[in-house]
Amino acid sequence: MKTTTLLAATAALLAATPLPAWADPARDALLADYAVQAKAADPAFGGFSAARGQSLYATKHADAAPETPACQACHGEDPRQPGQNAKTGKVIEPMAVSANAKRFTVKDDVEKWFGRNCKAVLSRDCTPAEKGDYITFLSAR
C-alpha cells in the first residue's frame with residue numbers, strides 16, 4: 001500500500017511540474033537533425049558539448065570582422081541578458097534558453113541566423129557539430 005501511494009504521489013508531482021525551458025520538442029528535433037548531420041560529416045562524432053559551445057561563444061576569432069570578433073561582441077558576456085548588434089545598435093533578445101524559451105525552436109530562423117553570424121564571426125559556415133554545441137551550451141544557461 002505504501003508503494004502504491006508513493007508512486008501515485010510521485011506521478012502527481014511530476015505531472016504538476018512544468019518542463020524546464022530547454023525541454024522543447026522543436027529544439028530537440030533540431031538538435032537531433034544536427035546530430036545526424038554531424039555524424040555523417042564525422043563518423044567519430046560522439047555528441048554535443050556545452051563546453052565546446054561555450055568556447056565557440058566566447059572565443060575571439062582572428063578571421064572575424066573587426067566589429068564581430070566573437071559571438072559575445074553582439075550577444076554579450078552573459079547570454080541570459082539582452083545583447084546589442086555591434087553595427088546597428090539594435091537590441092538582441094537574450095540567447096540563453098532560460099531567459100528566452102523561444103530560442104532555437106524555429107528551424108528556418110535558426111538556420112538564417114547561423115548563416116549570417118557564422119560568416120561574420122568565423123568567416124565561414126558553422127558545422128552541424130558547432131551548431132549543436134552552441135545550442136547545447138545556450139540551452140544549459
Side-chain angles (χ1 to χ4, degrees), residues 2-141:
K2 275 186 164 181
T3 303
T4 304
T5 304
L6 181 58
L7 287 173
T10 302
L13 178 62
L14 289 173
T17 304
L19 290 173
W22 51 263
D24 184 285
R27 188 178 306 108
D28 293 344
L30 185 59
L31 282 169
D33 185 44
Y34 287 145
V36 168
Q37 292 176 42
K39 187 73 171 172
D42 178 8
F45 172 75
F48 298 123
S49 163
R52 286 191 311 259
Q54 182 174 15
S55 178
L56 179 64
Y57 185 84
T59 299
K60 290 185 178 176
H61 302 276
D63 291 338
E67 65 276 2
T68 56
C71 301
Q72 287 181 347
C74 292
H75 297 293
E77 286 186 32
D78 183 351
R80 295 169 294 187
Q81 300 299 318
Q84 185 175 20
N85 185 292
K87 290 182 181 178
T88 67
K90 179 183 171 192
V91 173
I92 302 169
E93 293 298 318
M95 293 299 293
V97 171
S98 64
N100 186 352
K102 293 180 182 174
R103 275 288 179 215
F104 310 111
T105 58
V106 179
K107 183 177 181 172
D108 289 344
D109 289 345
V110 172
E111 282 297 307
K112 173 179 86 172
W113 290 111
F114 272 134
R116 288 182 187 180
N117 294 333
C118 291
K119 287 178 183 151
V121 175
L122 301 175
S123 299
R124 62 173 173 79
D125 290 330
C126 284
T127 67
E130 287 170 329
K131 292 174 186 180
D133 289 342
Y134 191 82
I135 293 171
T136 299
F137 162 62
L138 292 166
S139 294
R141 299 289 301 168

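All heavy atoms count here, side chains included; hydrogens, waters and symmetry mates do not.
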Quiz item: If you round to the nearest 0.5 Å, how far is SG of C71 from CD of Q54?
Solution: 11.5 Å
Quiz item: To the nearest 0.5 Å, what is the distance between CG (D42) and CD (Q37)?
Solution: 13.5 Å
Quiz item: Judged by atom type as modelled, is there a donor-acceptor pair below 3.5 Å linking the side chain of Y57 to the main-chain atoms of H75?
Solution: yes
Practice problem: Indicate the ring-plane relationship of F114 and Y134, choosing parallel, tilted or perpendicular according to the 30° and 60° boundaries. | Solution: perpendicular
Quiz prompt | Closest non-hydrogen atom pair between P79 and R141, with its separation | solution = CG-NE, 3.8 Å
Exercise. To the nearest 0.5 angstrom, please state how far the CD atom of Q72 sits from the OG1 atom of T59.
Key: 8.5 Å
Quiz item: Atom CD of E67 and atom SG of C74: how far apart are they, to the nearest 0.5 Å?
Solution: 8.0 Å
Self-check item: Considering all heavy atoms, the nearest A26-T105 contact
Solution: CB-O, 3.2 Å
Quiz item: Taking all atoms of both residues into account, what is the closest heavy-atom pair of A70 and A58, and its distance?
Solution: CB-O, 4.0 Å
Exercise. For residues A101 and R27, report the shortest heavy-atom separation together with the two atoms involved.
Key: O-NH2, 2.7 Å
Quiz item: What pairs with Y34 under ring pair (Phe, Tyr, Trp, His ring centres under 6.0 Å), at least two apart in sequence or on another chain?
Solution: none
Quiz item: Can you tell me how far the CG atom of N100 sits from the CD1 atom of I92, to the nearest 0.5 Å?
Solution: 12.0 Å
Quiz item: Taking all atoms of both residues into account, what is the closest heavy-atom pair of P69 and A73, and its distance?
Solution: CD-CB, 3.8 Å
Exercise. Tell me, yes or no, whether the heavy-atom count around K112 atom NZ, taken from other residues, nucleotides or ligands under 6.0 Å, exceeds 12.
Key: yes
Exercise. Considering non-hydrogen atoms only, spot the tightest contact between H61 and L56 and give its length.
Key: NE2-O, 3.7 Å
Self-check item: Residues that K39 engages under side chain to side chain contact (heavy atoms under 4.5 Å, CB included), provided they are two or more places apart
Solution: F45
Quiz prompt | Nearest-0.5 Å distance, CG of residue D33 to NZ of residue K131 | solution = 9.5 Å
